[in-house]
Colleague: 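Handing you a structure now.
Just so we're clear, the structure is a prediction, and the values are computed from it rather than from any experiment.
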Amino acid sequence: MALATLGVVVPGIVAIYEFVVKGRKRLGYRVQMDTTATDVVETVHAGALRELQRDDVPIDDPTLVLLRIENNGATNIDTRDYAVLDDDRVGIRVRFPGRQVVGMVVTELSDDYLRPSFQDGSGLAVRGDVIELPKVPLNRSAHYKVLAALERAGGNGSDPGIFPAPVVIGGIKGGVRGGRIQETQSRTGTPKRAMALVGFLVLLVIAQLVVFLRSDTGAPLDCATGRIRVVGSTAFEPIATQAVSAYRDACPGASFDLDMRGSGEGLLALNKAASPDVIAFSDGEKPDGMPALLPRPIAFFLFTLIAHPDAGVRDLTLDQVRALYRGEITNWNQVGGADEPVRLISRNPGSGTRNAFQRRVLAGVREPGSNSDDCRNRDPGTPAGVVRCARDSTEDVLGAVADTPGALGYSELGAAGGRDDLTIVRISGHPATVTEADHGAYPFWETEYGYTYGEPPAESLTASFLRYLTNQVGADILRAHGNRPCAELANPALCHPT
């Protein structure tokens, strides 16, 4: 216990020092050159130096300074991060005491995205002994360099000498020392404090290894074994598949059978099996008539509308979406899109995604039945109106929308987000994000539940895997797919049954 406590406390102190005391956003600079530009030994190759003149008058005691401005922190710096100066365009000022700036040029950009930051009107300017640099967004480790030519202040006749170092003013809000820009200094060798910390951590790791080798088992904490069956939502299938693989890697004694055919079918299969060794994942709550099935909120799950790119729509109001599914809008040009017939591609009845769409977007109104098998043309004998079809799985809907001109459908956000053959459609201007949904602006979401038949034993693989999904590596997998464990919401009560 003592070793485990030290293993947590020491890295915690290091993290607090690094990210709180030192600051995660850090803007730094280096004076890479500050040298005189006069002849010490006259040679035939001195022509370039003789060009350092202004209005045909040689520069008095010329010097060249090369500055490197860099992001040497742990996170990206945006234009909004810069400290407030008297000119909103200016992020950094460099003053050269005893000198006047004759000319300045940006000589190097670490990335081409920095180039627009230095265009006309950006704030890049020279004012007497000061260089003004604009608010440049810098990704982690990004930098740019500025070369300045200067002369001694006061004109000809002054005695040459050593000039004071440049004074750099500005920085970022909440950064090092309350927003100041910090000089980046090269260091050789390893500080004693760092060596002591490394030595301590090495000893700690060795001690933990000895304890581990002497223990009865090397299995991770809460690493239950056995065999379970996982059924339910096709929208949740990519997450379940990845989480199962990660759990098996950590706990080789665990075995899983995945059979994801939809929320409705999964709940029916669990109810029929009446076994504690089955988990059914459902997009939303179970229907009536299954009193033995117990829910466990797993995640705040996001869905999105998707359209064929030819439809020409990227944003629809809630009223427009409801009018589309009532069949009142039959061509996309009625809502400002392309002259293309509307075709609606849905999930089959019993799908949790379909239920979430009807509940959250259509205000509880059921979608009309299908009238097409191919999603392009109405089946013979069906009444005139919008073409409607349905598919069994999330992947089937995504493929059908991508292949059908004028198609509109819906799916889990993570599955749709990585495709370039579909258009993600906002609802009333709001994107499908956890923040937008958590605060009530985005309506298309649902709680993802893990259902069990009764309460599984605490030490069982069923209980262990459900815990794994919400507070271990499984939680990271949920986040990677654009969703969140319920406990991480600003309003966690959203996840619980109403």
Side-chain angles (χ1 to χ4, degrees), residues 222 224-248 251 253-301 303 347-359 390-396 411-412 415 445-472 474-475 477-478 481 483 485-486 495-498:
D222 199 20
T225 59
R227 188 180 192 91
I228 62 172
R229 183 182 175 207
V230 179
V231 297
S233 167
T234 62
F236 196 71
E237 183 174 9
I239 296 172
T241 301
Q242 191 174 346
V244 161
S245 177
Y247 190 98
R248 276 194 300 228
C251 307
S255 180
F256 298 81
D257 297 321
L258 267 74
D259 186 17
M260 314 293 277
R261 301 185 185 182
S263 298
E265 288 196 30
L267 291 169
L268 289 172
L270 171 61
N271 197 53
K272 181 178 179 180
S275 169
D277 297 327
V278 180
I279 301 174
F281 290 104
S282 173
D283 310 334
E285 299 177 45
K286 66 181 180 180
D288 295 335
M290 299 181 179
L293 305 192
L294 299 182
R296 180 179 299 215
I298 299 297
F300 188 76
F301 216 60
F303 299 91
R347 290 290 304 277
N348 277 319
S351 158
T353 304
R354 178 174 175 139
N355 290 338
F357 179 68
Q358 292 175 159
R359 179 183 177 191
R391 293 293 181 261
D392 288 332
S393 69
T394 298
E395 284 301 318
D396 289 344
S411 80
E412 184 262 329
W445 59 271
E446 191 53 272
T447 301
E448 188 69 28
Y449 292 100
Y451 278 92
T452 57
Y453 194 88
E455 192 67 48
E459 70 280 4
S460 67
L461 176 56
T462 298
S464 177
F465 184 64
L466 288 172
R467 289 192 294 268
Y468 182 81
L469 277 172
T470 55
N471 58 22
Q472 296 188 41
I477 296 172
L478 287 170
H481 284 259
N483 305 296
C486 291
C495 265
H496 294 276
T498 56

Colleague: Could you pull out the closest heavy-atom pair between Gly454 and Leu294, with the gap in Å?
Modeller: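 Heavy-atom minimum between the residues: C-CD1, 3.4 Å.
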Colleague: On a heavy-atom basis, which atom in Phe301 and which in Ala235 lie closest, and how many Å separate them?
Modeller: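 Answer, listing the atom of Phe301 first, then Ala235: CZ-O, 3.7 Å.
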Colleague: Let me know which of Glu412, Arg261, Glu395, Arg347 forms a side chain to side chain donor-acceptor pair (under 3.5 Å) with Thr234.
Modeller: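 When side chain to side chain donor-acceptor pair (under 3.5 Å) is applied between Thr234 and each of Glu412, Arg261, Glu395, Arg347, only Arg347 qualifies.
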Colleague: Let's go through Asp277 and Arg227 carefully: what are the C-alpha distance in whole Å and the side-chain angles of both, what is the deciding distance for salt bridge (Lys or Arg N to Asp or Glu O under 4.0 Å) to 0.1 Å, and is it a yes or a no?
Modeller: CA-CA 7 Å; Asp277 297 327; Arg227 188 180 192 91; over 6 Å; no
Colleague: Please walk me through it: do Tyr247 and Ser464 pass side-chain hydrogen bond (donor to acceptor under 3.5 Å, both in side chains)?
Modeller: CA-CA 10 Å; Tyr247 190 98; Ser464 177; 2.8 Å; yes
Colleague: How close do Asp259 and Arg229 get, counting heavy atoms only, and between which atoms?
Modeller: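 So the minimum-distance heavy-atom pair works out to OD2-NH2, 3.3 Å.
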Colleague: How far does CG of Leu270 sit from CD1 of Ile279, to the nearest 0.5 angstrom?
Modeller: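 Reported value, rounded in 0.5 Å steps: 9.5 Å.
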Colleague: Indicate the atoms forming the closest heavy-atom contact of Ala246 with Tyr468, along with that distance.
Modeller: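 For Ala246 and Tyr468, the tightest heavy-atom pair comes out as CB-OH, 3.3 Å.
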Colleague: When you compare the side chain of Met260 with that of Val230, does any pair of heavy atoms fall below 4.5 Å?
Modeller: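 Contact flag for Val230/Met260 side chains = yes.
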Colleague: Find the distance between OG1 (Thr394) and CZ (Phe303) and round it off to the nearest 0.5 Å.
Modeller: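 Atom-to-atom, Thr394:OG1 and Phe303:CZ are 7.5 Å apart.
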Colleague: Are any of the side-chain heavy atoms of Leu469 and Phe281 separated by less than 4.5 Å?
Modeller: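 Yes, at least one pair of side-chain atoms sits under 4.5 Å.
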Colleague: I want to check something: taking the side chain as every heavy atom from C-beta on, are Leu478 and Phe236 in contact at a cut-off of under 4.5 Å?
Modeller: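 Yes, at least one pair of side-chain atoms sits under 4.5 Å.
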Colleague: Enter the distance from Asp396:CG to Ser411:OG here, rounded to the nearest 0.5 Å.
Modeller: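 The OG atom of Ser411 is 12.0 Å from CG of Asp396, to the nearest 0.5 Å.
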Colleague: Okay, side chain of Arg296, backbone of Ala463: is any donor-acceptor separation there less than 3.5 Å?
Modeller: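 Absent.
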Colleague: Got a second to check how far Ser282's OG is from Ile298's CD1, nearest 0.5 Å?
Modeller: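 It comes to 11.5 Å.
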Colleague: Does any N or O in the side chain of Ser233 come within less than 3.5 Å of the main-chain N or O of Asp283, such that one atom is a donor and the other an acceptor?
Modeller: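 No; judged by distance alone, with no hydrogens or angles, the pair does not exist.
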Colleague: State, yes or no, whether a side-chain contact exists between Glu448 and Asn483 at a heavy-atom distance under 4.5 Å.
Modeller: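 No; the side chains remain at least 4.5 Å from each other.
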Colleague: Starting at OG1 of Thr447, measure out to CZ of Phe300 and round the result to the nearest 0.5 Å.
Modeller: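 Between Thr447 OG1 and Phe300 CZ, I get 7.0 Å after rounding to 0.5 Å.
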Colleague: Taking all atoms of both residues into account, what is the closest heavy-atom pair of Ala280 and Gly266, and its distance?
Modeller: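 Scanning both residues, the minimum pair turns out to be CB-O, 3.6 Å.
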Colleague: State the OG-CD distance between Ser393 and Glu237, to the nearest 0.5 angstrom.
Modeller: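 Those atoms lie 8.0 Å apart.
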Colleague: Which heavy atom in Val278 sits nearest to a heavy atom in Ala273, and how many Å separate them?
Modeller: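 It is CG2-CB, 4.2 Å.
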Colleague: Is there a donor-acceptor pair under 3.5 Å between the side chain of Tyr451 and the backbone N or O of Lys286?
Modeller: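 Side chain of Tyr451 to backbone of Lys286: a pair is present.
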